[in-house]
2 protein chains.
Amino acid sequence: MDSLATARFRRFARAVTAEVGALDSSFLGRGRPLGAARVLNAVGAGRTEVGEIRAYLGLDSGLMSRLLRSLEEEGLVATAPHPADARRRVASLTEAGRGEFEAYEALSDARAVALLERASHADDLLHAMDRVALVLGQEAIGIVEADPTREPARACLAAYYAELATRFPGGFDVALSFDPEAAAMVRPRGTFLLAVADGLPVGCVGLKGDGGPVAEIKRLWVDPAARGLGLARRLMRAAEAAARDLGIRTLRLDTNSALPEALALYRRSGWVEIDRFNDDPYPDLFFEKTL
Amino acid sequence: MDSLATARFRRFARAVTAEVGALDSSFLGRGRPLGAARVLNAVGAGRTEVGEIRAYLGLDSGLMSRLLRSLEEEGLVATAPHPADARRRVASLTEAGRGEFEAYEALSDARAVALLERASHADDLLHAMDRVALVLGQEAIGIVEADPTREPARACLAAYYAELATRFPGGFDVALSFDPEAAAMVRPRGTFLLAVADGLPVGCVGLKGDGGPVAEIKRLWVDPAARGLGLARRLMRAAEAAARDLGIRTLRLDTNSALPEALALYRRSGWVEIDRFNDDPYPDLFFEKTL
DNA sequence: CGACATATCTGACTAAAGTCAGGCATCATG
DNA sequence: CATGATGCCTGACTTTAGTCAGATATGTCG
């Protein structure tokens, strides 16, 4: 680790500290101390259990309790015993609390918009920010099932098709490809998995089944900002686990030699090349794996 | 500005806030409150005037005064009236203060190293961090004269040669090129300019003269993380201003068609193509501009 | 049931940060 | 050289954050 790298990191930290600090101070404009605002926002973001919020914000239990009391006195949150364990308490926003929470959200959004508008190359900047956020928070990337016909998944699929269009020599048109019907990628026939980082999708994979013992892996894609973190491998492993769970014994997939990273991954993880098994015009390589 | 962009920005802010907070709390390990540590570090970083530090840290004048007093009582800083205006005061580190400052620097460096070591793709991450820092802090990029034979400039030149080696179809070897002697890029014959962001060089340009009315622009380079911010144009403008200052009337440069961004810049800013004026094997295009 | 663990709350405290009014020396200017 | 502005300082204060030692209620397990 050379001193240039630390100097570069510290330049980054300085540049970003100013922005982060500005966000904090914009939170003070609503007449309550930062601590209370942070608790309110944690509740609004869906952290309901008091202990969970305490751990997330790193607060002492006494302080936490007082902050909750002050929010209750303001009429912004209500607390109730946890239904399954009356020692614990759960907090929730009241009507007024939801309004305050949304005001804080609007402040955050406004800051984001202001910053991105003053930056000359916003999409490029965002890509760099994605990269930083994903590498720093890579342990926080989770894999969840999702409906392939609905929003977070559709954005991933659109990004996947767009990337194929740039990488295949002759472009790519979904309409010409064998687009699997959605039901084939929904339980019980198959599944569709999303990699999610802090609420935003960063990768996907589909498992397309027909109820029998053979299924196909489809639409494996990872956001460019999240590449190199082993996410494709995690998605594939999760898809294989789901396949086993559905009683599938053999997996197949088709791919294209224009996607060398994917090929390397398949070859590394136990897939063997087989003969063409469909008439889709795009793929030129076919693989199989026995579970 | 769509909501996806703000969500991505906010994911970035969350990921980075944790790191920044960790740095702050590591600063608490030296037995003095954060406020005092921040003042000490500001003085160590070269901000000597009390008012300047106050503005930089956003402190009330009373608070600032007290923090300075506490550092004086610890024997870490000394203050004296400003030589030109006895109302103002300047602070400086004592011997002990320099030691403490270096201890804080060591803490910062250690955090940087720890973070970069735990990141899987450190150089890629650093590039993204550079991009974020440079776009966010672009107004803070300054242009200064530098000795082309000494360190910050040499790093730029090395990066420039390395880039040419990857971009020229047949590679690039400085030894085969006409490497201008250093004295030709130092006043009074010429000059060498660096673009500096927060202490680190991010671009350069040389003005090579022989004392006569004709000089050459050489070694125009901008760090990839700083491209698109108009820095090349600023460097060229500064070099032209320096040339005028040195009594130069005509500027020339040689370049290569493998560098289309540079060509576009020259054509946009009043340069006209001329015939080959040297035997350097690398350039294939030649330009001139009358000042 | 008793013993112990867990989750939150309350009261009493300290430290740090921040605010405000006024004081004092110094400077610029007519 | 009087006048007002400037830069820093001091004293008196408030707010916020954070700590710690119990108190209270509930849960777990033998």
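Keep in mind that this is a model prediction, so the values were computed, not measured. Below, read A as the first sequence line, B as the second, and so on, with proteins coming before strands; counting in each chain starts at 1.
- Protein atom CG of B/Leu63 is 13 Å distant from nucleotide atom P of C/dC20, rounded to whole Å.
- For B/Ala86, counting side-chain heavy atoms from C-beta on, the closest listed nucleotide (D/dA25, D/dT16, C/dC27) is C/dC27.
- Protein atom CZ of B/Arg87 is 11 Å distant from nucleotide atom P of C/dT26, rounded to whole Å.
- Looking at which nucleotide of DNA chain D each of A/Arg38 and A/Pro83 is closest to, the 5′-most match is held by A/Arg38.
- At a threshold of 4.0 angstrom between heavy atoms, the contacts of B/Arg69 are confined to the sugar-phosphate backbone, with no base atom among them.
- Aromatic ring pairs are classed by plane angle as parallel below 30°, tilted from 30° to 60° and perpendicular above 60°; the pair B/Tyr104 and B/Phe27 is tilted.
- Distance from the side chain of A/Pro33 is smallest for D/dA17 among the nucleotides D/dT19, C/dG18, D/dA17.
- Residue side chain B/Arg89 does not reach the base of C/dT26 through any donor-acceptor N/O pair under 3.5 Å, judged by distance alone.
- Going from atom CD of A/Glu49 over to atom C1' of C/dC9 covers 17 Å, rounded to whole Å.
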Does A/Thr94 form a side-chain hydrogen bond (donor to acceptor under 3.5 Å, both in side chains) with A/Arg98? I'd like the steps, not just the answer. CA-CA 6 Å; A/Thr94 63; A/Arg98 185 142 300 277; over 6 Å; no
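- Note: CZ (B/Arg88) to C1' (D/dT6) measures 10 Å, nearest angstrom.
- Residue contacts for A/Asp85: at a heavy-atom cut-off of 4.0 Å it reaches the sugar-phosphate backbone alone, with no base atom in range.
- Residue A/Arg32 is the one, among A/Gly62 and A/Arg32, whose nearest nucleotide of DNA chain D lies closer to the 5' end (criterion: closest heavy atom).
- The residue among B/Leu67 and B/Ser61 whose nearest nucleotide of DNA chain C lies closer to the 5′ end is B/Leu67.
- If you measure from atom CZ of A/Arg66 to atom P of D/dC20, you get 14 Å, rounded to the nearest angstrom.
- In this structure, B/Leu134 and B/Leu229 have side chains that are in contact, with non-hydrogen atoms separated by less than 4.5 Å.
- Atom P of nucleotide D/dG7 and atom CD of B/Glu52 are separated by 13 Å, given to the nearest angstrom.
- A salt bridge is defined here as a Lys NZ or Arg NE, NH1 or NH2 lying under 4.0 Å from an Asp or Glu carboxylate O, and A/Glu49 with A/Arg87 fails to meet this definition.
- Here C/dG18 presents its P atom at 9 Å from CG of B/Leu34, a figure rounded to the nearest Å.
- Between A/Arg237 and A/Glu240 there is no salt bridge, since no side-chain nitrogen of the basic residue lies less than 4.0 Å from a carboxylate oxygen of the acidic one.
- The CG-P distance, from A/Leu57 to C/dT8, rounds to 13 Å in whole Å.
- Side-chain N/O atoms of B/Arg54 and base N/O atoms of D/dG7 include no donor-acceptor pair closer than 3.5 Å.
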